[in-house]
Amino acid sequence: MIIRKKRGNFLEDFRVGQLFRHKVGKTVTEGLFNAFTEFGMTTNPLSKNLRYAQRYGFKGLIAPPGLVMNIVFSQSVEDISENARANLEYRDMRFGAPVYSGDTIEVETTIIGVQPSSKEPDRGVVHVQTTGRNQHNEIVLTLQRKVQIWKDKQDVKVEAAALAEALQIPCDLQIPAYEENRKYRELSHLTNPDTYFEDFNIGDVLEHSRGRTVTTAHMELTATLDNTSQVHSNQYLVDQNPAKYIGGQLIVYGGIPFNLCLGLSCPDVGDNSVGDICYITGRHTGPVFVGDTVFAATEIKDKRAYPGRPDLGVVSAILRGHKFVKKGDSWEKMEIFYLEREMAVKRRGHYA
Amino acid sequence: MIIRKKRGNFLEDFRVGQLFRHKVGKTVTEGLFNAFTEFGMTTNPLSKNLRYAQRYGFKGLIAPPGLVMNIVFSQSVEDISENARANLEYRDMRFGAPVYSGDTIEVETTIIGVQPSSKEPDRGVVHVQTTGRNQHNEIVLTLQRKVQIWKDKQDVKVEAAALAEALQIPCDLQIPAYEENRKYRELSHLTNPDTYFEDFNIGDVLEHSRGRTVTTAHMELTATLDNTSQVHSNQYLVDQNPAKYIGGQLIVYGGIPFNLCLGLSCPDVGDNSVGDICYITGRHTGPVFVGDTVFAATEIKDKRAYPGRPDLGVVSAILRGHKFVKKGDSWEKMEIFYLEREMAVKRRGHYA
Amino acid sequence: MIIRKKRGNFLEDFRVGQLFRHKVGKTVTEGLFNAFTEFGMTTNPLSKNLRYAQRYGFKGLIAPPGLVMNIVFSQSVEDISENARANLEYRDMRFGAPVYSGDTIEVETTIIGVQPSSKEPDRGVVHVQTTGRNQHNEIVLTLQRKVQIWKDKQDVKVEAAALAEALQIPCDLQIPAYEENRKYRELSHLTNPDTYFEDFNIGDVLEHSRGRTVTTAHMELTATLDNTSQVHSNQYLVDQNPAKYIGGQLIVYGGIPFNLCLGLSCPDVGDNSVGDICYITGRHTGPVFVGDTVFAATEIKDKRAYPGRPDLGVVSAILRGHKFVKKGDSWEKMEIFYLEREMAVKRRGHYA
């Protein structure tokens, strides 16, 4: 008997309240850590310089937020979005325990809403809560996302439904205590000096100077994350029906520009962050293809005290990614990424 | 004096009975482990989730069979096949001790046959037995292969010859004992539930759902394995004489689709395997080039008891790889890989 | 307020005597170690085979010289050459303590000369001394380089200046002692037998047999090294003004062919080297682009005793890299790299 194996679920397979304990799990090897951290051009020494990370009370190099997000997200892809058309929104993504090389992350997802499309009978939106834990059962990340998913069979009827109450997932950024005798100042030359809490002014827009061109390596990076979505790596699938796929070509997995934008902004806003606290909302506002050059900018929206931590402050910002598209003889700027972000940022008075 | 250094041997350099102790050796860093394991999209948690691997009694993450094969094979390339035209057949490839990150693998090869081509005076076939050992002198893999090799000088006469008796290389899959108190069931959600011994039916053909497009990263992966064969990475060589090379272009090293086919099949047949026992025979039945999308299918050929292990069974299967080639307006399926494979598969009654 | 963040300095920003303590620092993960060591096709088992490296008295696998150079060099890029047009010369590059996985390298640079161009008002040359240290404050590498740097504003006047006296940076290759009871000979089959001190003849030119085609992976490798120079990875920047950039396209970061040439030469000259001592001078004599195939050759210039080490000798050589460029129907050889190099090479009598 010939059996066409399917992996991944379609719109009609999801039920509100359903819990997926995702398969496999992922140990963060030094290979994965390097591939993604370096690829993204993170400049925060907490993720690059062991001497510095230990000085701050961490056990080792800590995975940058873009890697934590990508690990947890990707573990959910097979069950949730292998058959997705597009990822519509990230929401309330909160960071918890730091992730180190050698940690093993396992992930689960609860379906909190299902909404068939009112216009297109072949698709709909699933709203989920995904949570990743390390081998000590500490939460490292929890997020909601809304994802547009194909039906397997167009004529199956799907009812709109949603959980009556939001899930309560406790997840707060864990940061080692401030201890004056740690002599942080000895290492303050390792970060950009204009990136302390005092340096950010509400309303400023920082245009980050670097750009980065995306290559076919996006496919190997996506595989490295265990992301099995076919629209990123199966050219034959796209060639069979280009009109069905955005841009008629392989699209770069969103976690790649997500991570790149965080990295491109890092020298200007992230060098003296001890961690990202929360991403309020985020969207891929334009597609990225091989050959595009990704840029980023940050708009400072708010600053406030960090409760219980006089050495830190909270900076709220919008991180935007963009690329340029050639139209005739000129280049048009196109936004590709939007992220509302809260960071825990060191105060100069305590650290430099 | 100008000395054109040559590395690798030609047909006339091989003598039956000759033993090559291959150079260099290879320590499996976490970087190599990650690059190849993740690239291949293995989904078996024994290679991905340390908590799971330890629960099963392994010391750490175990290298998937495609990585073990690639490490041992590639160490033999300089001496045996750097000047090969094509790898014709793998035979009786047997797995032994598990390979962990940090292990150092050294490899040796005995020439068991030499056969000049009866039609083409510039080439012939060498038949070899290659064996890899770890730092404890345990065998991790032994295999035979037949490889078609160019002569350096066409007019040198090469006699057909073969060893009178096959070499006896003891190499059996090492699997930790089954211990009921290990609570395997606690982690059974981490594998696909339709991949236990009981789930396979003789005669079934499982068409694996995913495809994967090959990029120029094949060159870096090939280098990562120390495979020095020039037909995979030296474009200038091919450009000098395209007619000499298959497809007139760089050909992807066979270990790449070998590993990809194992990975693409893994969610459907490999998730609950504790190891590949033996590859009876294997061949690259078609070439793979950059841009091809690789697919795989598995035909279940036989099932039997695993001697001394009531918790396991042996599944015999044929793993086939294929791609599609555009002819005019349509796509033709072309087989690229054929492997007869025996796996040690968990029985549901003992594990889930 | 919109702030166009700039990173990196321009010609007018440099002052003779100025000390840059470079930011971030870099812990050598096994991922980085593997990515670069394997990419370069190093064949010296000191960097590949842990059993071998330990037999020689090293604590672990040692980073090959191309990786040490790339780590130290790249840490200096943001401050020194992010806005460079071209790297003109490496000079007096000396190796010190071995670099292991897990080491953390921090780097500083002193400006030893500034020279505005006499012909082109928009650029000039900066001469620097860059030194990298590990977490024990041991120097792992020191080098001088001359780099051509754009001005930010053409009309700023820049005066020529230079340090009155050269800096004295003590940095000598650290090699474990020779101990007869280590049984080096047991492992001598792991290196090429024609690469001992006795095998090299002054005047010989060794044409290394392998070539390696460069892919777009150069961009990920460059990012992995933290090299932020935009001319290697920002296609949009080049597209805005192709005439400004060499070849009118993205140019491959020089550390890539530097490392490749070392690797391609390794089986013929580096297998029995215990370390590179010094690079007297080095230059990128031609550009490398994606698709080029890199080759290398070594000219033996001198041999002499290694003071205090009767088991070793010093081999002086010129390592040249080249590629072929198609002109009409034929291919022209073009030199791309030139390096005067001193290696500490084992004597056969003591090791094999």
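Every chain is numbered from 1 and lettered A, B, ... according to where its sequence line falls, protein lines coming before strand lines.
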Exercise. Under 4.5 Å between any side-chain heavy atoms of B/N49 and A/K26, yes or no?
Worked result: no

Problem set entry | Note, B/W331 side chain near A/D239 side chain (heavy atom, < 4.5 Å) | yes

For this session: Could you look at A/T216 and say if it's the side chain, the backbone, both or neither that has a heavy atom under 4.5 Å from chain B?
Result: both

For this session: Could you go through the side-chain contact (heavy atoms from CB on, under 4.5 Å) check for A/R4 and B/L206 one step at a time?
Result: CA-CA 6 Å; A/R4 299 207 170 193; B/L206 310 177; over 6 Å; no

Exercise. Parallel, tilted or perpendicular for A/Y236 and B/F324, by the 30°/60° rule?
Worked result: parallel

Exercise. How far apart are the C-alpha atoms of A/K23 and B/N192, what are their side-chain angles, what is the distance that settles it, and do they pass the side chain to side chain donor-acceptor pair (under 3.5 Å) test?
Worked result: CA-CA 7 Å; A/K23 289 185 284 287; B/N192 277 314; 3.1 Å; yes

Exercise. Is there a side-chain contact between B/V205 and A/I3, using heavy atoms and a 4.5 Å cut-off?
Worked result: no

Exercise. Would you say the side chain of B/R210 lies within less than 4.5 Å of the side chain of A/T228, judging by non-hydrogen atoms?
Worked result: yes

Problem set entry | Pairwise side-chain contact, B/R51 with A/E106, heavy-atom cut-off 4.5 Å (strictly under) | yes

Exercise. Looking only at atom types and distance, does a side-chain atom of A/S233 sit under 3.5 Å from a main-chain N or O of B/R212, one as donor and one as acceptor?
Worked result: no

Exercise. Looking at B/D271 and A/R7, does any basic side-chain N land under 4.0 Å from a carboxylate oxygen?
Worked result: no

Problem set entry | Where B/S209 and A/E82 come nearest, the two heavy atoms and their spacing | OG-OE2, 4.4 Å

Exercise. Would you find a donor on one side and an acceptor on the other, under 3.5 Å apart, between the side chain of A/Q230 and the backbone of B/G211?
Worked result: yes

Problem set entry | Contacting region of A/L237 [heavy-atom separation from chain B under 4.5 Å] | neither

Problem set entry | Engaged part of B/T293 at the chain A interface, taking heavy atoms whose separation is under 4.5 Å | side chain

Exercise. Can you check whether B/E30 reaches A/N34 side chain to side chain, under 4.5 Å on heavy atoms?
Worked result: no

Exercise. CD1/A/I105 to NZ/B/K48 distance, rounded to the nearest 0.5 angstrom?
Worked result: 13.5 Å

Seminar exercise, completed: When the 4.5 angstrom heavy-atom criterion is applied to A/N227 and chain B, the contacting part is backbone

Exercise. What part of B/L61 is in contact with chain A, defined as an atom under 4.5 angstrom from a non-hydrogen atom: side chain, backbone, both or neither?
Worked result: side chain

Exercise. Rounded to the nearest 0.5 Å, how far does OH of B/Y52 lie from OG1 of A/T104?
Worked result: 13.5 Å

Seminar exercise, completed: The single option from B/L190, B/T191, B/T43 that satisfies side-chain contact (heavy atoms from CB on, under 4.5 Å) with A/V24 is B/T43

Exercise. So which part of A/H232 gets closer than 4.5 Å to some heavy atom of chain B, the side chain, the backbone, both or neither?
Worked result: neither

Problem set entry | Residues, nucleotides or ligands: over 12 heavy atoms within 6.0 Å of A/I2 CD1 | no

Problem set entry | Heavy-atom pair count under 4.5 Å with chain A, highest-scoring of B/T42, B/N201, B/T215 | B/T215

Problem set entry | Interface residues of residues 254-266 of chain B facing chain A - non-hydrogen atoms under 4.5 Å apart | none

